[in-house]
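Comments concern the structure below.
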Amino acid sequence: MPVAKPESSDSRVIAHVDMDCFYVQVEQRKQPQLRGLPTAVVQYNEWKGGALIAVSYEARKFGIKRSMRGEEAKEVCPQVQLVQVPVARGKADLSGYRNAGSEVVSILARRGRCERASIDEVYLDLTDAAEMMLADNPPQGMETIDEEALKSHILGLNNEDGSDVKENVRNWIHRHNADHRDKLLACGILIVAELRMQVLKETEFTCSAGIAHNKMLAKLASGMNKPAQQTVVPFSSVKGLLDTLPIRKMKQLGGKLGISLQMDMGVNTVGDLLQFPEEKLQERYGINTGTWLWNIARGISGEEVEGRLLPKSHGSGKTFPGPRALKTVPAVQHWLNQLCEELSERLCSDLDQNKRIAHTLTLHARAYKSSDSDSQKKFPSKSCPLRYGTAKIQEDAFNLFQAGLREYIGFYGGKTRGSHCRGWGITSLSVSASKIVPIPSGTCSIAKYFHGQSTSHFSSMQSSDNLNTEATLSLPSGSI
DNA sequence: CATTTCGGGTGT
DNA sequence: ACACCCGAA
């Protein structure tokens, strides 16, 4: 659990920006005739029409939900437009969505520290930008407030019957007697509205946003009014917001921990947590998680927005469900080669574009063992130093798999004849690259890592293709 | 063992 | 290093 020092007097301006049904928007930008139609993105479509992973708001009106099957969606709404995720090397290829996410990040990073939280979400620390605006052009003195900002939802703002909602927002932003925190959030409203308009103009994507004094509240708010809207959480409305909020709505509490709070402690809402002394929460959930929970109940979260525009790892994986389980070593090798090819390509792009090098290769697999003493044993993950070059990565990944398989099946494996094996099947495979670090500053070439090879030789092989097939880049661990 | 494919994080 | 949890399209 994140344990950053909490400040009850937290006056930061934090925004969480969340793209609306992002994969759908990416596909609709590629095929503009789909705009405005009920649309969903499906992964594969051979088995029951594929799995829905993103659903447009028009399609949601028909009751179409994520995790439905394509065929099921067609039953509920025959006119729904189903777009398939691109396939490359026999697996889903998400690169188009990753690249679209990068477009958005590069825009949102203009006004403050920016953290890429996922493929379609970012946190922004706009404190400095808000303080600056307050100092030399405060919203209280502005003639006109942008229309996009006036569409903001401000939690706790009284919209009496018959009152003009936009006028209320305008008044809230203009208030001279507001405390410093509300004035900072008013600046946040304007900055985020402008950023969202820039994102729309430059990428054609809409997004929603939450603006609050910390990451937890900003994240909570960004999901409250979608699509294409923004929501503000003034300090004074925090208690009222959390008091009746179901515990599972809080990030990190949507899983087992949230269930445990409900079942074991009788905590149904965030407000219910307030009754428990910090020590009680600590003895039940540990020092870190206990304190974290105590703070959450009070709307306190000191987590910083990390300045990080790039992912910390790259992974490529595929599942082989049901009868598709891989039952021979050569079949596993074939798919590992496909996964490693994709991973290698992405590592080369990262090297070219961001001058970063990954240091660790990890293989994950899931397997079943039908008739065996411990058929519920898990296939172990294995990792090793990462060597660049597609063939090297494929070789290393296969060796990791074989090491894991020997452990998994035990000394007396189930090999029968040739390469056919009985008693086990691989239901998922994934390879990932982590411990990614920038090449030391001042170095824009990787030539120095080819010990024994001349720089001039390297300078003739900068293309990704050469690097993919020829390079034998191997970093001594700890050399960066 | 038919959501799948990611990515981030903590505990040991 | 490895197991397990969390959440999002």
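Keep in mind that the numbers below use all heavy atoms, side chains included, and drop hydrogens, waters and symmetry copies. Owing to the predicted nature of the structure, the values given are computational and were not obtained by experimental measurement. In what follows, chains are A, B, ... by sequence order, proteins preceding strands, each numbered from 1.
Atom pair A:Asp93:CG and B:dT4:P shows a separation of 18 Å (rounding to whole Å applied). Atoms CZ (A:Arg366) and C1' (B:dC6) sit 14 Å apart, rounded to a whole Å. Following rounding to the nearest Å, A:Tyr408 (OH) and B:dC1 (C1') show an atom-to-atom distance of 11 Å.
Listed nucleotides B:dC1, B:dT5, B:dA2 differ in distance to A:Arg324; the shortest reach to its side chain belongs to B:dA2. Here the side chain of A:Pro321 is nearest to one of B:dT4, B:dG11, B:dG8, namely B:dT4.
For residues 319-339 of chain A, the pairs satisfying side chain to side chain donor-acceptor pair (under 3.5 Å) are A:Lys327-A:Tyr368, with sequence neighbours left out.
Ion pairing between A:Lys219 and A:Glu303 fails under the 4.0 Å rule for side-chain N and carboxylate O. For A:Lys30 and A:Glu27, the salt-bridge test passes: some basic side-chain N is under 4.0 Å from an acidic carboxylate O.
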request  = Just do the salt bridge (charged side-chain N to carboxylate O under 4.0 Å, His left out) check on A:Glu103 and A:Arg29 with the steps written out, would you?
outcome  = CA-CA 13 Å; A:Glu103 292 180 47; A:Arg29 185 173 70 171; 2.8 Å; yes
ask   = Which letters describe nucleotides 2-9 of chain C, given B = protein heavy atom under 4.0 Å from base, S = only from sugar-phosphate, - = neither?
value = SSSSSSSB
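Nucleotides C:dC5 and B:dC1 place their P atoms 14 Å apart, quoted to the nearest Å.
Heavy-atom minimum distance, A:Tyr97 versus A:Pro86: OH-CD, 3.7 Å.
In this structure, A:Tyr97 reaches neither bases nor backbone, as no heavy-atom distance under 4.0 Å exists between it and the strands shown.
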